[in-house]
Amino acid sequence: MNDNICVTTSAFVAEDADVARQSAVDSRLGYFQSHVFRFHDTFPRPEGVPAWPTLIPDYDLATIDAMTDIGAIICGNPDQALEQCQRWAASGADQIIFGLSCAAKEDSLETLRLLGEYVIPKIDTDPVHRTDHMRDSAVVAS
Amino acid sequence: MEFGVFIQQYVPKFRRETDPQAEHTVIMDELDLVLAAEQAGFKYALLPEHHFLDEYSHLSANDVIAGYLARATSKIHIVSAIFNPLPQVNHPAKVAERVAMLDHITEGRFEFGTGRGAGSHEILGFLPGIQDMNETKDIWEDVIAEFPKMWMQETYEGYEGKYWNLPPRMILPKPYKKPHPPMWYAAGNPTSYTMARASACSASRSATSRTWRRSSARTRTRSSTRSPSARS
């Protein structure tokens, strides 16, 4: 039996939570989201999302905080990122995947480093990929 | 829960205004980021295939990126978040061959995700005649179950369908690890979960779309590596 679901989102992690929050603002997620709904016109369009070429306004700190609170993005210092990722794990997600497109490269490198040092080891304790387990199980079952 | 990264070669105009080589910069930077992700312990790198999507995604030839990453990395799994298997975009036999080849050069670290195109702009580039984008669901369902057969049958039995045909042929190479690479489906709306479940693919979903609900994380899909004969 195989079952699996993963979730994709964005992550902004820094030693200082305010630096992470500002990185999220600077990444202009609203502009990115405008393109999501510009091209993915088979996606359900949430109420309030304007039609292209009208842009979703850039997100301010308050909006970033609200998005973080509902789990739409991972944002904060390593302790906060750990708590936010644990919420996703508790919801049943098998993988969480972070888009690296929006943040500045140096910010993304710092996010990756901090998640790798402080978050991943506390949540993903299996050195084997889940999909390898699935594949091995499929061989045994066949 | 495991961790992964997703690249798509997003080249917004505001970056182009400050960097005339922004497209090249993004392409090269994202390769560096995947290598850094592997170093940090991330398990998956997802690479979606998209076409014609100015600014949003310039990652058209994701098989080329996958081929590079196959030998530049050693642990991270490389996932074609989307290979587009619609016959009008990529012939299914060539997709099956490409996946099996990537399975070899990654030595079992490649995973096969599929999708139908981002929306009407991308879909109509390859299927200019269709009126309803939902028709791509029928085309996808027409082809997706054939991939395990192409990999697992010594000589693929061939296919005659509404959208594509292939006489019996050996599809080569065969995958490196048996039975075949894991299969994923990019799910952008609720019916896509049903499609993923029915076709035995795992589902991936964006959390930043506001219609997403946490309860949907429990809408699990089945069996990413089952043989067609085992499907119920």
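Within every chain, numbering begins at 1; the chains are lettered A, B, ... in the order of the sequence lines, protein sequences first and strands thereafter.
Listed options Arg15(B), Lys43(B), Glu122(B) were ranked by heavy-atom pairs under 4.5 angstrom with chain A; first place goes to Lys43(B). In terms of heavy-atom pairs under 4.5 angstrom with chain A, the leader among Gln9(B), Lys178(B), Glu55(B) is Glu55(B). Options Gly119(B), Gly41(B), Ala40(B), Ala118(B) differ in how many heavy-atom pairs under 4.5 Å they form with chain A, and the most are formed by Ala118(B).
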**Item:** Worked verdict on Phe52(B) versus Phe126(B) for ring-ring contact (aromatic ring centres under 6.0 Å, His included)
**Value:** CA-CA 10 Å; Phe52(B) 322 127; Phe126(B) 291 110; 5.1 Å; yes
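Relative to the six-membered ring of Trp52(A), Arg38(A) meets both conditions, a distance below 6.0 Å and an angle of at most 45° to the axis.
Ring pair Phe110(B)/Phe83(B) is tilted by interplanar angle, where 30° to 60° counts as tilted. Between His40(A) and Tyr56(B), the ring-plane angle classifies as perpendicular under the 30° and 60° cut-offs. Taking the six-membered ring for Trp and thresholds of 30 and 60 degrees, Tyr31(A) and Tyr10(B) have ring planes inclined between 30 and 60 degrees apart. A tilted orientation is assigned to the rings of Phe39(A) and His121(B), their planes being inclined by 30° to 60°.
If you measure heavy-atom distances from Arg109(B) to chain A, you find no contacts under 4.5 Å at all. In this structure, chain A has a heavy atom under 4.5 Å from the backbone of Lys75(B), while its side chain stays farther away. Proximity to chain B is absent for every atom of Pro121(A), based on heavy atoms less than 4.5 angstrom apart.
Of the charged side-chain nitrogens involved, at least one lies within less than 4.0 Å of a carboxylate oxygen, so that Asp132(A) and Lys177(B) count as a salt-bridged pair.
Applying the ring-ring contact (aromatic ring centres under 6.0 Å, His included) test to pairs two or more places apart or on separate chains, none has a residue in residues 5-24 of chain A.
For a heavy-atom cut-off of 4.5 Å, chain A lies close to Asp29(B), Glu30(B) in residues 21-31 of chain B.
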